Amino acid sequence: MSTYEYYKDIFANTPRPFAMLDLDMLDDNARAIAQAAGSKKVRLASKSIRSVDVLRRILNADPAFQGIMCYTAAEAVFLAGHGFDDLLLGYPQWEPQAIQSLVNLVGDGRSVTLMVDSLEHIMHIEQFAKQQGTVVPLCIDVDMSMSYPGLHFGVWRSPISSWDGMQSLVERILQSPWLRLDGIMGYEAQVAGVGDNAAGKWLKNQAVQFLKKRSIVEAAKRRQEVVEQLALMKVALRFVNAGGTGSMESSRQEAWVTEITAGSGFYAPGLFDHYASFRYKPAAAYAVEVVRIPKPGLVTCMGGGYTASGAVGQDKLAKPYLPTGLRLLALEGVGEVQTPLQLPEQTQLKLGDPVFFRHAKAGELCERFNTLYAVSQGRIVDEYATYRGMGECFL
């Protein structure tokens, strides 16, 4: 039986569109990620998962999985309300009610760490901490991007890229009775989140691989520098956070790193097909149905246009997954109300047949569906609610 027939049989009576999660593949990916982390702990990137049920399943899968990196204050409050702890805000928060909600969690004894990268962030949070009478743990985001003439390789995150830029922030935190330096984070997005093995792009792949190697060396130097300087100041950090799914192999080599953040690798979305150093199993997908056959060799599906965030490009489109060999039309792509597909030879689809797609990015798929049908050993075994299915929309 082909993979397509396997899933088609499982979902024969399931109305389209729907999203699915293959638990056998998810569990395999979890095992592979825990192994790839080596001796490091793995903090789950919630933005790449966006389901309480899935977060729980992964956290229970291996002792290596500890803690969550959240993407908004509202999400952190939501997850804390569902019993999750050791929550790290992956991005600075500024809105007063958001800051207050996080300080309240800390005051209630929850482990919540706020992200900062400027004196303004620090002073802003300090006001709420002082008013509440609560010592608030902070994490400083150290930028890991690299700049060359005409090229910024990485993402624009923190303005802090060295100890010289970080020292004044550390001193300000240490001076405050209401703040505590809990950890540092350095996310080498250009290593973790950029594919380097795209089909038909040999020259670009070579350039990206070269730049990645330089970035790995530079990221290690930056993290080592700040850790050593903090040690000289007798600052005991609870964690040093690094990397992502795509950089685990290199991040785990750094003795000073205590944890690596991972999220996308559990679902293994379409963008993860273009890495030279690893390959995880496509655990998440969604299905739409064929509603038109405009001519032989061409079918049109209802909907399917779930485009990922980021710079606009073909790589942000959802990828036809099953049956294998389906191709999007360049002039239509994946559409809001319809998606035409070119069929390969020997493949036939009839009206009502499902077509499975994989989203380009991981957790963003969950913003389109209330549930993920959980599949294992050839049958639907559960339905996992997404954030959206629980009535939440954080961004």
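Computed from a predicted model, the values in this text were never measured in an experiment.
- For the atom pair T72 OG1 and E392 CD, the distance stands at 9.5 Å (nearest 0.5 Å).
- The side-chain hydrogen bond (donor to acceptor under 3.5 Å, both in side chains) search around D28 returns R31, K281, not counting sequence neighbours.
- One finds the OG atom of S2 at 9.0 Å from the NZ atom of K8 (value rounded to the nearest 0.5 Å).
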Under 3.5 Å, sequence neighbours excluded: what are the donor-acceptor pairs made by side chains of residues 291-311?
residue, atom, partner, partner atom, Å
R292, NH1, Q338, OE1, 2.8
S309, OG, K361, NZ, 3.3
S309, OG, E364, OE2, 2.5

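- For M233, the CE atom is densely surrounded, since the number of other residues' heavy atoms within 6.0 Å is greater than 12.
- The cluster map of Ile, Leu, Val, Met, Phe, Trp and Tyr, joined by side-chain heavy atoms under 4.5 Å apart, puts I125 and W94 in different clusters.
- F78 meets the ring-ring contact (aromatic ring centres under 6.0 Å, His included) test with H82, Y387, F394; sequence neighbours excluded.
- Aromatic ring pairs are classed by plane angle as parallel below 30°, tilted from 30° to 60° and perpendicular above 60°; the pair F128 and H124 is perpendicular.
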Apply side-chain contact (heavy atoms from CB on, under 4.5 Å) to residues H359 and R368 and explain how you reach the verdict.
CA-CA 11 Å; H359 200 270; R368 298 286 187 167; 5.7 Å; no
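- Here the rule is side-chain contact (heavy atoms from CB on, under 4.5 Å) with I68, and of L87, L88, T261 only L87 fits it.
- Listed by chain and residue number, nothing satisfies the salt bridge (charged side-chain N to carboxylate O under 4.0 Å, His left out) test with D315 (two or more places apart in sequence, or in another chain).
- With E332 contributing its side chain and L328 its backbone, the two residues share no donor-acceptor pair below 3.5 Å.
- In this structure, the side chains of M69 and L44 stay at 4.5 Å or more apart for every pair of heavy atoms.
- The heavy-atom pair separating I10 from G378 by the smallest distance is CG1-O, 3.3 Å.
- A ring-centre distance under 6.0 Å is not found for Y321 and F357.
- Between the side chain of Y187 and the backbone N or O of A242, no donor-acceptor pair lies under 3.5 Å.
- The CE atom of M185 sits 6.0 Å away from the SG atom of C139 when rounded to the nearest 0.5 Å.
- Using modelled atom types and a 3.5 Å distance limit, the side chains of S111 and D85 yield no donor-acceptor pair.
- For the 3.5 Å distance criterion, the side chains of D382 and Y373 fail to qualify, holding no donor opposite an acceptor.
- Using modelled atom types, no side-chain atom of T134 and backbone atom of V136 make a donor-acceptor pair closer than 3.5 Å.
- For the pair Q167 and Q229, the minimum side-chain heavy-atom distance is 4.5 Å or more.
- At distances below 3.5 Å, at least one donor-acceptor pair connects side-chain atoms of Q93 with backbone N or O atoms of A73.
- Side-chain atoms of R16 come within 3.5 Å of backbone atoms of T14 as a donor-acceptor pair (strictly under, hydrogens ignored).
- In this model, no donor atom of one side chain and acceptor atom of the other lie less than 3.5 Å apart for E188 and S215.
- Between the side chain of S251 and the main chain of M248, no donor-acceptor pair closer than 3.5 Å is present.
- No salt bridge links E75 with K47; every basic N to acidic carboxylate O contact stays at or beyond 4.0 Å.
- Using a cutoff of 4.0 Å between basic side-chain nitrogens and carboxylate oxygens, R43 and E259 are scored as salt-bridged.
- Remark: R222 engages E218 in a salt bridge (charged side-chain N to carboxylate O under 4.0 Å, His left out) (not counting sequence neighbours).
- The neighbour count for Q348 CD, taken as heavy atoms of other residues, nucleotides or ligands under 6.0 Å away, does not exceed 12.
- Under 3.5 Å, the side chains of S145 and D143 contain a donor-acceptor pair of N or O atoms.
- A 6.0 Å sphere centred on CD of Q35 holds no more than 12 heavy atoms belonging to other residues, nucleotides or ligands.
- Although no hydrogens or angles enter the test, the distance criterion places no donor-acceptor pair under 3.5 Å between the side chain of S176 and the main chain of I173.
- Using a 4.5 Å cut-off on side-chain heavy atoms (C-beta onward), L55 and F84 make contact.
- M146 and L151 end up in the same hydrophobic cluster when Ile, Leu, Val, Met, Phe, Trp and Tyr side chains are linked at under 4.5 Å.
- Atoms CG and CG, on N241 and D182 in that order, are 11.5 Å from each other to the nearest 0.5 Å.
- Side-chain contact between V106 and P137: present, with at least one pair of heavy atoms (C-beta onward) separated by less than 4.5 Å.
- Taking both residues in full, the closest heavy atoms of D141 and D117 are given as O-CB, 4.1 Å, listed atom of the first, atom of the second, then distance.
- Atom CG of L329 sits about 6.5 Å away from atom CD of Q342, to the nearest 0.5 Å.
- Looking at L372 and D53, their side chains never come closer than 4.5 Å, going by heavy atoms from C-beta outward.
- The pair R110-D108 does not meet the salt-bridge criterion, since no charged nitrogen lies less than 4.0 angstrom from a carboxylate oxygen.
- A side-chain contact (heavy atoms from CB on, under 4.5 Å) with Y4 is found for exactly one of T324, V355, D353, namely D353.
- A cation-pi arrangement, defined by a distance under 6.0 Å to the six-membered ring centre and an angle within 45 degrees of its axis, is absent between R358 and F272.
- Centroid-to-centroid, the aromatic rings of Y6 and F11 stay 6.0 Å apart or farther.
- Using a distance-only test at 3.5 Å, with no hydrogens or angles considered, a donor-acceptor pair links the side chain of D22 to the main chain of M25.
- Scanning all heavy atoms of the two residues, the minimum distance from F239 to T258 falls at CA-OG1, 3.3 Å.
- Closest approach of A34 to A64, counting heavy atoms only: CB-CB, 4.2 Å.
- The number of heavy atoms from other shown groups lying within 6.0 Å of CD (Q131) does not exceed 12.
- Note on D86 versus R238: salt bridge recorded, some NZ/NE/NH1/NH2 to OD/OE distance being below 4.0 Å.
- With hydrogens and angles left out, the side-chain atoms of T386 and N370 include no donor and acceptor closer than 3.5 Å.
- S162 approaches E225 most closely through the heavy-atom pair CA-OE1, 4.0 Å.
- Between the side chains of E171 and Q175, no donor-acceptor pair of N or O atoms lies under 3.5 Å.
- Remark: L169 CG to I140 CD1 distance equals 5.0 Å, nearest 0.5 Å.
- In this structure a side-chain-to-backbone donor-acceptor pair under 3.5 Å is present from N29 to F266.
- Contacts of W256 classified as side-chain hydrogen bond (donor to acceptor under 3.5 Å, both in side chains), with partners at least two apart in sequence or in another chain: E254.
- Between L317 and G333, the closest heavy-atom pair is CD1-CA, 4.4 Å.
- A donor-acceptor pair under 3.5 Å is formed between the side chain of T339 and the backbone N or O of G335.
- Within the 4.5 Å cutoff, the side chain of I184 has heavy atoms near those of the V227 side chain.
- Side chains of C70 and L79 form a contact here, defined as non-hydrogen atoms less than 4.5 Å apart.
- Salt-bridge annotation for R57 and D27: present, with a side-chain N of the basic residue lying under 4.0 Å from a carboxylate O of the acidic one.
- At least one side-chain heavy atom of L349 sits under 4.5 Å from a side-chain heavy atom of P323.
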